[in-house]
**Q** 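This is the structure I want to talk about, given as structure tokens.
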Amino acid sequence: MRRVFLHIFLVTPLIPALLWSEIAHAANLNDGNTAWVLTSTALVLFMTLPGLALFYAGLVQSKNVLSVMMHCFSIACLVSVLWLIVGYSFAFGEGNSLFGGLAKVFLSGVSKETLSGDIPETVFFTFQMTFAIITPCLIVGAFPERMKFSAVLIFSGLWLLLVYAPVTHWVWGGGWLSEMGVMDFAGGLVVHATAGASALLLASMLGPRKDFPSGLKPPHNPGLSMIGAAMLWIGWFGFNAGSALAADVSAGMAMLVTHIAAATASLVWMMIEWIKFGKPSLIGIITGMVAGLATITPASGYVGPLGGICIGILGGLLCYWAVGLVKSKLSIDDSLDVFAVHGVGGIAGTLLASVFGATVFGGGGLPEGATIGSQLGIQSIGVVATVLWSLAFTFLIVKLTSAIVGLRVSNDEITQGLDVSTHGESGYNL
Amino acid sequence: MRRVFLHIFLVTPLIPALLWSEIAHAANLNDGNTAWVLTSTALVLFMTLPGLALFYAGLVQSKNVLSVMMHCFSIACLVSVLWLIVGYSFAFGEGNSLFGGLAKVFLSGVSKETLSGDIPETVFFTFQMTFAIITPCLIVGAFPERMKFSAVLIFSGLWLLLVYAPVTHWVWGGGWLSEMGVMDFAGGLVVHATAGASALLLASMLGPRKDFPSGLKPPHNPGLSMIGAAMLWIGWFGFNAGSALAADVSAGMAMLVTHIAAATASLVWMMIEWIKFGKPSLIGIITGMVAGLATITPASGYVGPLGGICIGILGGLLCYWAVGLVKSKLSIDDSLDVFAVHGVGGIAGTLLASVFGATVFGGGGLPEGATIGSQLGIQSIGVVATVLWSLAFTFLIVKLTSAIVGLRVSNDEITQGLDVSTHGESGYNL
Amino acid sequence: MRRVFLHIFLVTPLIPALLWSEIAHAANLNDGNTAWVLTSTALVLFMTLPGLALFYAGLVQSKNVLSVMMHCFSIACLVSVLWLIVGYSFAFGEGNSLFGGLAKVFLSGVSKETLSGDIPETVFFTFQMTFAIITPCLIVGAFPERMKFSAVLIFSGLWLLLVYAPVTHWVWGGGWLSEMGVMDFAGGLVVHATAGASALLLASMLGPRKDFPSGLKPPHNPGLSMIGAAMLWIGWFGFNAGSALAADVSAGMAMLVTHIAAATASLVWMMIEWIKFGKPSLIGIITGMVAGLATITPASGYVGPLGGICIGILGGLLCYWAVGLVKSKLSIDDSLDVFAVHGVGGIAGTLLASVFGATVFGGGGLPEGATIGSQLGIQSIGVVATVLWSLAFTFLIVKLTSAIVGLRVSNDEITQGLDVSTHGESGYNL
Amino acid sequence: MKLVMAIIKPSKLDAVREALTDLGVQGLTVSEVKGFGRQKGQTEIYRGAEYQIEFVPKIRVDIVIDDPDLDRVIETIRSVANTDKIGDGKIFVLEVSEAMRIRTGETGANAL
Amino acid sequence: MKLVMAIIKPSKLDAVREALTDLGVQGLTVSEVKGFGRQKGQTEIYRGAEYQIEFVPKIRVDIVIDDPDLDRVIETIRSVANTDKIGDGKIFVLEVSEAMRIRTGETGANAL
Amino acid sequence: MKLVMAIIKPSKLDAVREALTDLGVQGLTVSEVKGFGRQKGQTEIYRGAEYQIEFVPKIRVDIVIDDPDLDRVIETIRSVANTDKIGDGKIFVLEVSEAMRIRTGETGANAL
Ligand SMILES: Nc1ncnc2c1ncn2[C@@H]1O[C@H](COP(=O)(O)OP(=O)(O)O)[C@@H](O)[C@H]1O
Ligand SMILES: Nc1ncnc2c1ncn2[C@@H]1O[C@H](COP(=O)(O)OP(=O)(O)O)[C@@H](O)[C@H]1O
Ligand SMILES: Nc1ncnc2c1ncn2[C@@H]1O[C@H](COP(=O)(O)OP(=O)(O)O)[C@@H](O)[C@H]1O
């Protein structure tokens with residue numbers, strides 16, 4: 001605790017650093033902010049690899065554990081290359097209000113020295129790439145244990161370009177939603193609503209796992225999922241607080257409310273299970289955590305601690321309810337609940353941002369001139385547009401993929417497990 | 001994505017932040033330091049989730065693996081919420097020299113823009129929260145495989161408020177120990193001595209595992225513990241070097257000596273086992289690592305490389321000896337050796353800080369006017385006060401918890417394992 | 001290692017950074033840069049513990065899983081202590097152009113306040129230590145499941161001092177290779193070529209596993225290897241972008257090209273397997289990832305996105321080919337392909353740096369006056385010198401180790417597995 | 001009494017269990033085994049090298065029944081576990097001279 | 001000789017082993033099995049959905065003994081493994097026609 | 001027909017399988033078991049405390065064969081699995097009254 005220390009030794013080494021930061025300011029690149037965004041980039045990649053891969057892998061049967069990891073890993077690689085070639089340009093090129101265009105294809109016009117704000121554009125590019133990676137990987141939870149590997153890759157690649165990149169442009173790339181003043185700090189619309197809506201549709205087009213809904217086997221390794229969940233939590237600090245693109249007061253508050261929402265939603269889910277079934281489960285508490293994090297994401301830069309708690313509570317309740325709804329009412333085998341947790345959470349958070357972002361609820365304030373009501377309208381337009389676009393293009397992409405390579409592996413391969421039948425290896429040779 | 005935002009709404013929710021960043025600049029927000037403390041916060045949370053959870057989970061039987069993870073995860077969530085509501089205020093409110101008071105309850109009076117030193121107070125709050133999380137989680141090692149889940153939560157919540165928060169106030173919150181000049185850089189007293197002493201008492205009040213001491217089964221998954229241990233090591237960089245609250249020379253030296261002490265103590269433990277039993281074990285070397293890290297913690301901001309080595313050696317030797325003492329002599333089933341490793345290490349390190357902190361032993365120097373002897377006196381007072389307070393309140397809390405819900409699950413539930421009996425799930429469905 | 005570079009090429013791609021760093025020098029400690037190098041240090045340690053330990057542990061048989069972890073963990077500890085005592089001095093002492101000398105033994109002359117560039121020298125020391133740790137740990141992949149534990153430690157300790165430290169001095173410590181202008185941003189020569197060449201020789205002197213090549217068992221836990229691989233990827237951000245020793249434009253581009261090369265090489269390896277065997281495997285894609293990362297390492301500070309892609313493709317192809325070569329043609333049981341992946345990757349990347357570093361291929365430019373051809377010559381000298389030195393001293397150290405304690409455990413111990421026979425514990429008690 | 005020891009494909013376990021329950025079988029015991037026979041294990045390829053997996057995962061179901069039930073039990077298992085593919089498995093029958101229910105001490109057919 | 005095949009609760013393994021050792025039994029072989037019988041497996045609930053676990057973990061102990069020891073062995077197992085709860089398990093006895101100790105080639109009761 | 005049940009050291013499995021195949025045995029079934037006998041389990045030490053591992057990992061090989069092959073099979077297993085060290089294991093022989101190949105319905109020696 002140097003803080004305490006300072007009281008003891010009055011002369012400190014920090015003075016030169018202060019002067020220095022003046023100079024840095026003049027020269028535009030801010031090294032403190034750059035350091036934080038570099039770190040956040042590592043944290044967000046960590047969410048997918050190995051975080052999300054483990055979270056999902058623990059939930060499936062042991063004969064499909066490697067296939068789920070393979071999905072996440074290969075999508076991450078594919079998206080990275082596509083992002084460099086065209087994705088980034090589609091999302092962050094000047095373009096028009098609908099589409100970023102081709103100006104930044106293969107980072108053309110961006111040199112090592114180009115800045116984006118006060119950090120290098122290369123850093124902004126890589127940071128954004130980690131968001132582009134995790135979003136299609138979230139959808140993996142909709143189709144495990146039965147989808148063809150070639151279809152997974154084709155779907156994910158097209159989805160990145162036709163759903164993710166455009167919506168990102170609308171919201172963060174200067175497109176029409178951002179012009180309208182939509183608030184989405186770290187991806188309630190861009191990441192969670194797109195992935196959630198698309199997951200639900202894909203799952204229903206693909207059809208359920210062989211033994212759905214009765215006859216399903218419990219998660220083969222909840223501990224593995226816990227490891228993944230914990231990594232998601234840690235990485236989410238980079239996701240939300242990194243979205244401030246600076247090591248500043250915004251980042252600080254974003255990290256705080258992110259953490260509080262995660263903790264609150266975890267407890268909510270745990271209590272529901274405890275009361276309903278008498279057994280609070282590890283799978284339950286970590287699912288609550290993801291629900292809380294997805295819900296706070298769009299609001300994380302706007303709300304205060306009170307907002308964090310309330311959003312955590314609402315996120316936990318709503319997503320719990322949605323899980324049951326999809327499984328029992330809709331009977332769609334969105335196997336690992338991508339829509340119920342990410343979709344519902346992301347949408348709820350986007351709407352709630354306009355409530356808890358208001359100063360009256362302890363938030364940092366809505367955009368000038370906006371009221372809670374007016375902002376709620378804008379947020380709703382964002383939600384509707386994002387969901388419709390995601391559904392429409394997911395439909396097209398799935399049809400196309402189905403036509404090219406087909407969607408499902410054979411029943412024999414399902415029985416054998418995708419690890420052996422598709423990837424030629426087995427998860428546990430203990 | 002603030003960058004994009006800036007181009008679009010010239011006046012928007014971020015305005016306060018914008019203005020603020022001007023002010024902050026004036027008021028000295030240091031972005032490099034903020035970046036490092038944000039990073040350290042992530043690192044310290046990583047120590048608990050999943051680090052400590054894995055470290056402990058690998059050491060128990062496979063039928064209790066999830067329950068241990070659940071303990072760590074749920075305590076982390078509970079503590080986070082309590083910390084926001086009252087814990088932080090108890091610890092870091094102005095208050096008096098014994099108690100922080102209620103002024104900062106629910107962060108009242110702290111806005112996004114408030115600074116603590118040259119970093120945002122929100123960042124200081126969250127960083128400190130990660131310490132508040134890990135400390136009661138350390139105690140999980142005292143009671144696995146037999147304690148009631150409701151008792152775990154009640155105990156941990158009360159313990160945070162009645163033991164952790166007050167002691168933190170004394171040492172880091174401007175309380176009487178800090179006034180007296182006690183040296184505890186990153187938590188030898190605050191974290192390790194409180195947790196260690198409380199763990200020992202709790203274990204003895206709770207009673208041993210069913211087959212203690214003969215008939216115990218070996219750790220079910222030492223590799224899992226190794227993963228956790230490695231994460232603890234990495235995270236400890238944030239714990240100790242982050243406690244400098246700056247990316248400065250103090251942080252640099254703290255990281256260096258932390259690393260060296262961990263490495264040295266690991267080798268010491270390995271050599272003891274090699275010589276005594278002919279078989280240096282993985283469990284052994286990682287236990288040595290934790291011992292070294294716990295011991296260097298209070299001293300990490302004061303000592304030099306020589307101090308790091310010596311503290312590593314002494315930490316390894318003392319904790320090894322203490323493990324045998326508790327198990328064979330005291331016959332207390334402090335199952336995963338919380339007291340022997342954290343308690344003994346934290347106390348030893350607190351005392352050794354006054355020795356190796358002295359310039360003559362390569363340290364950065366003791367507080368002005370202090371000699372090794374005088375400082376050792378102050379450190380000893382710190383140790384005695386912390387241990388007595390911890391024991392007294394742990395005793396009361398355990399009695400209270402026992403009265404409300406009882407402490408132990410039934411023998412049948414123990415036999416079945418807590419995973420199935422309490423949480424309704426099983427760890428490995430391979 | 002920009003620091004060394006600065007002394008050598010006064011006008012180069014790095015000029016902006018240079019000027020910058022001059023100013024910084026005047027202004028002393030830079031907190032943003034320090035924050036990033038502190039973070040990078042944690043990231044690079046994370047690569048070894050638990051990253052590399054898991055990557056390797058998943059590839060062996062379940063009866064040797066702990067022994068591999070133990071190798072990595074104990075080597076990390078041993079190297080840390082040796083690095084403090086003499087290693088750092090051997091590598092970064094002033095010395096002469098061949099050897100760093102003894103001036104910085106036990107960090108003598110380095111105080112808490114000493115700077116190295118614009119960061120504390122303690123931070124530079126610890127950052128470099130994490131490189132010194134991972135390099136001998138890479139060699140663990142050459143000898144698992146059969147080498148004596150005492151021999152592992154003796155070999156690794158001597159190897160650090162006689163191979164790693166001198167080569168580091170040549171390349172980054174102001175030695176003859178750096179004087180000659182060799183380009184090795186983050187360790188193609190220093191880390192990967194030394195480890196790879198030594199691994200091959202050691203493997204052939206040690207002899208193969210009992211059932212090599214027919215009769216080998218498949219990796220016991222590919223998922224564990226995936227976790228390790230993902231951690232390597234994340235940590236490599238610190239390895240390569242941290243080697244800029246600043247949170248600046250160099251770090252930004254280094255992270256970008258590192259990521260792209262990893263993703264590209266992963267896809268290349270996946271496609272080869274898919275085409276050749278019909279089954280793209282998880283082990284395959286993560287091996288490709290390591291190949292891409294090893295290959296980009298020396299070039300990561302010099303090339304642009306195009307270079308990243310090309311190096312990724314070439315790295316994937318070359319290493320895939322080399323794996324087959326070593327196993328089938330040379331029949332050397334370099335069990336986990338250290339030479340084929342790290343050695344070949346590191347050497348290829350070192351040579352390719354002179355191609356894709358050139359502005360014509362989108363790089364940041366070669367050192368003043370150098371052409372691709374001339375630089376290729378220098379790089380080749382670097383490769384030859386590094387490889388020959390590594391082979392010569394590895395030969396001597398292996399002979400010496402063999403004379404002192406012998407190299408192999410008995411066949412009975414091999415059959416029983418090293419976990420039980422050497423370390424007295426078992427990996428999975430499920 | 002007879003011990004019917006059936007080696008079947010893992011994917012057939014649930015179907016076999018259900019069919020036997022329908023038949024009135026009160027209990028059975030299952031173990032995970034590895035089989036070697038006409039059906040060969042798959043070949044796994046790691047980093048280009050082939051690893052021959054000699055054994056195929058199978059499930060062994062042990063059912064102790066009273067003599068009169070033997071034919072029906074065998075026939076039921078056969079019909080449910082059959083996929084007409086190599087590796088469907090075997091049914092072996094052994095004589096059991098005694099059976100006891102631990103809880104009650106009942107013996108003979110009553111113990112089943 | 002007889003093969004005594006006892007299906008017991010996992011928590012009773014150590015007690016059974018000790019009791020048999022006290023009785024003079026020289027060796028036994030243990031496998032982890034899953035049982036299906038009157039005792040039903042637990043229901044696990046994940047994210048609100050119920051998963052029925054059909055099988056209960058059991059331990060199978062195989063002991064080959066000489067004929068005269070049969071009754072004592074059965075009685076010992078029964079008394080130690082009994083908890084009076086459903087699912088305590090079964091003891092089955094089969095005839096063994098031959099036994100050999102691999103190390104020495106001894107056969108019959110000498111091999112046990 | 002006979003069921004040959006061999007408890008052997010895990011490291012001998014491959015050799016036994018190969019020798020039996022050479023002998024013309026068409027199939028066998030393998031399970032991982034834990035043995036208790038003259039050979040004691042190792043002692044593991046964690047943090048200075050001793051943990052006695054009572055059981056030793058063994059492999060159980062079940063082979064059903066036609067009567068005339070019995071002696072050759074036993075002799076082969078014995079010679080291959082023997083290391084002259086305690087714990088090499090046992091071979092037990094039981095009578096099999098019936099065998100059926102699920103795929104074809106063949107019975108008796110034809111089913112093997
Ligand atoms: N003689 C035998 N003794 C014991 N188990 C056998 C024997 N023959 C076959 N098995 C078991 O039956 C399984 C199926 O046998 P296999 O020859 O592959 O196919 P099929 O029964 O369709 O001819 C094997 O994997 C093995 O577990
Ligand atoms: N007919 C049977 N054949 C083989 N195993 C049986 C049979 N009946 C029961 N078992 C085994 O015995 C165990 C206990 O039987 P169960 O019916 O649950 O309780 P109980 O023996 O107390 O009546 C089962 O889990 C199963 O493993
Ligand atoms: N009476 C028995 N019944 C069943 N299995 C036995 C019996 N005796 C020994 N075994 C099995 O044989 C293995 C080897 O026996 P052990 O007494 O250790 O060595 P050896 O056979 O060389 O005398 C044991 O681990 C156990 O699995």
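No experiment lies behind these values; they were computed from the predicted model shown.
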**Q** Taking every non-hydrogen pair under 4.5 Å, which of Leu54(B), Leu107(B), Val123(B) racks up the most with chain A?
**A** Leu54(B)

**Q** What are the two closest non-hydrogen atoms of Met129(B) and Ile260(A), and how far apart are they?
**A** SD-CD1, 4.5 Å

**Q** What I want to check is whether the side chains of Ser80(B) and His259(A) have a donor and an acceptor closer together than 3.5 Å.
**A** yes

**Q** If I measure from the heavy atoms of chain A, does Leu82(B) come under 4.5 Å with its side chain, its backbone, both, or neither?
**A** neither

**Q** Would you call His423(B) and Lys279(A) a side-chain contact if the rule is heavy atoms closer than 4.5 Å?
**A** no

**Q** Hey, are the side chains of Leu38(B) and Met255(A) touching, using non-hydrogen atoms and a 4.5 Å cut-off?
**A** yes

**Q** Using a 6.0 Å cut-off, check whether atom CD of Glu179(B) has over 12 heavy atoms from anything other than its own residue.
**A** yes

**Q** For Met253(A) and Thr122(B), work out which heavy atoms get closest and say how close.
**A** N-OG1, 3.6 Å

**Q** Where on Leu430(A) is there a heavy atom nearer than 4.5 Å to chain B: the side chain, the backbone, both, or neither?
**A** side chain

**Q** Kindly determine whether Phe73(B) and Met289(A) satisfy side chain to side chain contact (heavy atoms under 4.5 Å, CB included), including the steps that lead there.
**A** CA-CA 10 Å; Phe73(B) 208 99; Met289(A) 178 211 82; 3.6 Å; yes

**Q** So do the side chains of Asp248(A) and Thr34(B) get within less than 4.5 Å of each other, counting heavy atoms only?
**A** no

**Q** In terms of heavy-atom proximity below 4.5 Å to chain A, should Ser426(B) be classed as side chain, backbone, both, or neither?
**A** backbone

**Q** Going from OH on Tyr428(B) to CG on Leu224(A), what distance comes out if it is rounded to the nearest 0.5 angstrom?
**A** 9.5 Å

**Q** Which pair of heavy atoms, one from Trp274(A) and one from Ser150(B), lies closest together, and at what distance?
**A** CH2-CA, 3.9 Å

**Q** Side chain, backbone, both or neither: which part of Val44(B) has an atom under 4.5 Å from a heavy atom of chain A?
**A** neither

**Q** Please classify the contact of Ile283(A) with chain B as side chain, backbone, both or neither, using a heavy-atom distance under 4.5 Å.
**A** both

**Q** For a quick test of reading the model, state the closest non-hydrogen atom pair linking Leu66(B) to Gly223(A) and the distance between them.
**A** CD2-N, 3.6 Å

**Q** Report the option among Leu43(B), Thr126(B), Val110(B) that has the most heavy-atom pairs separated by less than 4.5 Å from atoms of chain A.
**A** Thr126(B)

**Q** Which atom pair, heavy atoms only, marks the closest approach of Asp31(A) to Asp31(B)?
**A** OD1-OD1, 4.3 Å

**Q** So, do Phe237(A) and Thr39(B) sit near enough that their side-chain heavy atoms are less than 4.5 Å apart?
**A** no

**Q** Which heavy-atom pair separates Ala263(A) from Val81(B) by the least distance, and what is that distance?
**A** CB-CG2, 4.3 Å

**Q** Could you label the plane-to-plane angle of the Phe46(B) and Phe46(A) rings as parallel, tilted or perpendicular, counting under 30° as parallel and over 60° as perpendicular?
**A** perpendicular

**Q** Below 4.5 Å from any heavy atom of chain A, which atoms of Ser74(B) appear? Answer side chain, backbone, both or neither.
**A** both

**Q** Taking the side chain as C-beta and beyond, is there a heavy-atom pair between Ile309(A) and Leu84(B) under 4.5 Å?
**A** yes

**Q** Do Glu425(B) and Leu282(A) pass the side chain to side chain contact (heavy atoms under 4.5 Å, CB included) test, and can you show the C-alpha distance, the side-chain angles, and the key distance before you say yes or no?
**A** CA-CA 8 Å; Glu425(B) 48 193 352; Leu282(A) 184 66; 3.1 Å; yes

**Q** Between Leu45(B), Thr41(B), Val190(B), who has the most heavy-atom pairs with chain A when the cutoff is under 4.5 Å?
**A** Leu45(B)

**Q** Does Ile285(A) reach the side chain of Met70(B), with side-chain heavy atoms less than 4.5 Å apart?
**A** yes

**Q** So for Ile133(B), is it side chain, backbone, both, or neither that comes closer than 4.5 Å to the heavy atoms of chain A?
**A** side chain

**Q** Just jot down the side chain to side chain donor-acceptor pair (under 3.5 Å) partners of His71(B), sequence neighbours excluded, or say none.
**A** none

**Q** To the nearest 0.5 Å, what is the distance between CG (Asn429(B)) and CG (Asn221(A))?
**A** 8.5 Å

**Q** Checking heavy atoms, do the side chain of Ser281(A), its backbone, both or neither come under 4.5 Å from chain B?
**A** both

**Q** Please flag which part of Ser421(B) lies under 4.5 Å from any non-hydrogen atom of chain A: side chain, backbone, both or neither.
**A** backbone

**Q** Which of the residues Ala35(A), Gly252(A), Pro218(A), Pro280(A) is involved in the greatest number of heavy-atom pairs with chain B at under 4.5 angstrom?
**A** Pro280(A)

